[in-house]
Visitor: 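The structure is given below, and queries will be raised subsequently.
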Amino acid sequence: MAHTLDNEFINPNSQIKSPPDKDPMLPCLFSVEQVKKETHDTFTFYLSPCENKISFPFQPGQFNMLYIFGNGEVPISISGNPSDEDRLVHTVRLVGPVTRAMKNLKRGDVLGVRGPFGNSWPVYEAIGNDVIVVAGGIGLAPLRPVLYKLLSQRDKYGKIVLLYGTRTPEDILFKRELEQLRSRFDLEVHVTVDRAQQSWKGNVGVVTRLIHKATFDPLNSIAVVCGPEVMMRFTALELEKHGVPSDRIYISMERNMKCAIGFCGHCQLGQTFICKDGPVFRYDFMHTYLTKREI
Amino acid sequence: MENLEKILAEHPFLQGLESHYLDLIVGCASNVKFDAGQFIFHEGEEANQFYVIRNGKVALEIFSPERGAIEIDTLEEGDVLGWSWLIPPYHWRFDARAVELTRAIALDGKCLRNKCEEDHDLGYQLLKRFAHIIEQRLQSTRLQLLDVYGTHS
Ligand SMILES: Cc1cc2nc3c(=O)[nH]c(=O)nc-3n(C[C@H](O)[C@H](O)[C@H](O)COP(=O)(O)OP(=O)(O)OC[C@H]3O[C@@H](n4cnc5c(N)ncnc54)[C@H](O)[C@@H]3O)c2cc1C
Ligand code: FES
């Protein structure tokens with residue numbers, strides 16, 4: 001099923017809409033409850049609503065627009081547990097002006113939050129299947145809610161595999177949580193880094209090299225992949241090589257965003273809006289785009 | 001030896017190889033064991049063997065005087081270690097160190113090299129298999145070089 005960007009672009013996973021009773025352009029005020037340093041350039045922010053009554057339900061894969069006053073607004077995925085609706089958790093890598101400004105946020109500081117926006121990872125479609133979660137770098141943050149969700153309903157899924165690759169051992173996100181996940185018998189976890197010093201006892205090599213280590217039934221698996229585009233492209237190719245059909249592989253796309261509701265066109269690819277139709281897409285819909293240079 | 005034959009015959013690397021070639025390869029095979037931390041070979045040494053890893057973990061390292069030993073790859077159960085025995089001047093290009101207790105089947109590359117010269121069909125079969133491994137490792141290395149998790153990606 002070859003789709004191009006000019007064809008009608010329907011994402012089968014884009015059924016989630018923002019609540020109709022809320023102006024999606026109006027930020028709610030949240031205050032910083034806690035800031036946790038994950039790595040040298042990555043922080044997790046725990047936010048609670050300034051108005052006590054707001055709860056914040058979301059689906060794994062959805063994102064918020066975080067507005068840092070005086071600096072700007074950026075899309076950031078929710079990295080917390082979907083069953084915890086009272087506080088918001090975001091894990092942010094510092095790359096430019098807005099995210100760097102977030103580093104200075106302290107307990108009690110206030111920021112604006114719009115959302116949640118976008119669709120979700122296919123956690124319901126995956127019921128009854130094996131699930132392969134492949135994360136690269138900061139891509140583990142948008143996938144963490146998937147793991148929470150799958151593990152909260154563990155008996156509904158077959159094998160669950162987490163493959164995580166990052167730059168060096170020092171860049172590993174959620175270290176303690178990964179260790180806890182590793183000790184579970186109902187989950188297979190493999191971690192690799194691109195390079196390391198001798199003290200590292202784990203795997204070295206790119207994340208695609210982990211796929212052959214994992215045990216799953218390729219025709220009855222759903223794969224969810226998040227990370228830099230090149231990493232997602234090569235991971236999808238390797239999964240296909242191992243027999244996972246491309247319509248069972250899901251990836252999450254990132255583009256600059258402004259409105260996040262499909263108005264401004266900032267995130268548009270052909271007829272598709274990453275903010276509204278995504279950010280999660282089936283790989284068979286997106287793969288032509290991933291190798292196109294001119295877009 | 002029967003055990004070695006079974007393991008090698010079932011290994012994907014040698015799958016589909018004619019039985020007389022397999023017999024010949026089994027004749028060049030022996031079981032080896034490396035303790036955690038033990039070097040299997042060092043860069044610059046003569047490369048006269050290759051290994052099929054049965055269990056454990058091996059790190060490939062490059063030593064740089066400024067940065068110390070840098071791990072660039074790890075190999076585990078089922079992986080094939082070493083192709084320098086096939087390519088002149090037959091010297092190892094990396095250090096290989098057992099990260100944990102590692103058991104492997106060592107194959108006498110020097111002996112196989114001579115057999116490949118005598119019988120080019122065998123040479124082709126082995127080169128074809130090694131070309132596949134080299135291609136996979138090259139792809140991985142290219143991805144590593146892209147440094148996809150850097151801030152420029
Ligand atoms: C749907 C969606 C979800 C996202 N979820 C997260 C998340 O959970 N955590 C998170 O940290 N980021 C996430 N991002 C990326 C985040 O929005 C950007 O990193 C942010 O907008 C950068 O803003 P800035 O002003 O700090 O830097 P900019 O000025 O926008 O960028 C500064 C420099 O960093 C580079 N850069 C920008 N974004 C990235 C990136 N993602 N990776 C590597 N380099 C980059 C740019 O090329 C530029 O050179 C998400 C993006 C989208 C679209
Ligand atoms: S961000 Fe405005 S259309 Fe997507």
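Here is the naming used below: chain letters follow the sequence lines, and residue numbers restart at 1 for every chain.
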Visitor: Can you confirm whether more than 12 heavy atoms, excluding those of A:N104, are under 6.0 Å from its CG atom?
Guide: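 Check passes, neighbour count above 12.
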Visitor: Check the surroundings of atom NE2 in B:H132: do more than 12 heavy atoms from other residues, nucleotides or ligands lie under 6.0 Å from it?
Guide: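 Check fails, neighbour count at 12 or below.
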Visitor: Roughly how far, to the nearest 0.5 Å, is CD of B:E71 from OG1 of A:T168?
Guide: 12.0 Å
Visitor: Which residues in residues 181-196 of chain A have a heavy atom less than 4.5 Å from any heavy atom of chain B?
Guide: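 Answer by number: A:D194, A:R195, A:A196.
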Visitor: For A:K175, does the NZ atom have more than 12 heavy-atom neighbours from other residues, nucleotides or ligands under 6.0 Å away?
Guide: yes
Visitor: Locate the shortest heavy-atom distance separating A:K241 from B:Q136; write the atom from each residue and the value.
Guide: NZ-NE2, 4.4 Å
Visitor: Go through the steps for B:E100 and A:K201 under the test salt bridge (charged side-chain N to carboxylate O under 4.0 Å, His left out), then give the verdict.
Guide: CA-CA 8 Å; B:E100 53 195 57; A:K201 298 280 175 276; over 6 Å; no
Visitor: Heavy atoms only: give me the nearest B:G150-A:R93 pair and the separation to one decimal.
Guide: C-NH2, 3.7 Å
Visitor: How many angstroms lie between OG1 in A:T208 and CD in B:Q139, if you round to the nearest 0.5 Å?
Guide: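 The CD atom of B:Q139 is 8.5 Å from OG1 of A:T208, to the nearest 0.5 Å.
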Visitor: Is B:Q15 atom CD crowded by more than 12 heavy atoms from other residues, nucleotides or ligands, each under 6.0 Å away?
Guide: yes
Visitor: Hey, does B:D79 have a side-chain heavy atom less than 4.5 Å from the side chain of A:H212?
Guide: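 Side chain of A:H212 against side chain of B:D79, heavy atoms only: contact under 4.5 Å found.
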Visitor: Please find the pair of heavy atoms, one from B:Q144 and one from A:G205, that lie closest to each other, and give the distance.
Guide: NE2-CA, 3.8 Å
Visitor: Has B:T74 got a side-chain atom pairing as donor or acceptor with A:V204's backbone, closer than 3.5 angstrom?
Guide: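 Yes; judged by distance alone, with no hydrogens or angles, the pair exists.
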Visitor: Does any heavy atom of chain A fall under 4.5 Å from the side chain of B:I72, the backbone, both, or neither of them?
Guide: backbone
Visitor: How would you list, in number order, the residues of residues 48-64 of chain B that have a heavy atom less than 4.5 Å from chain A?
Guide: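 So far as heavy atoms go, B:K57, B:E61 are the residues that approach chain A to under 4.5 Å.
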Visitor: If every non-hydrogen atom of A:V207 is compared with every non-hydrogen atom of B:Y149, which pair is closest and at what distance?
Guide: CG1-OH, 4.0 Å
Visitor: Minimum heavy-atom separation for A:P228 to B:V148, with atom names?
Guide: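 Distance-wise, the nearest heavy atoms are CG-O, 3.2 Å.
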Visitor: Is there a side-chain contact between A:M231 and B:L146 in this structure, where contact means two heavy atoms from C-beta onward sitting under 4.5 Å apart?
Guide: no
Visitor: Apply the test side chain to side chain contact (heavy atoms under 4.5 Å, CB included) to residues A:R209 and B:D73: give CA-CA distance (whole Å), side-chain angles for both, the deciding distance (0.1 Å), then the verdict.
Guide: CA-CA 10 Å; A:R209 293 275 296 275; B:D73 205 351; 3.2 Å; yes
Visitor: If you count heavy-atom pairs under 4.5 Å with chain A, which of B:R97, B:E77, B:R137 comes out on top?
Guide: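 Looking at each of B:R97, B:E77, B:R137 in turn, B:R97 comes out on top.
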Visitor: Counting only heavy atoms not in B:K115, do more than 12 sit closer than 6.0 Å to its NZ atom?
Guide: no
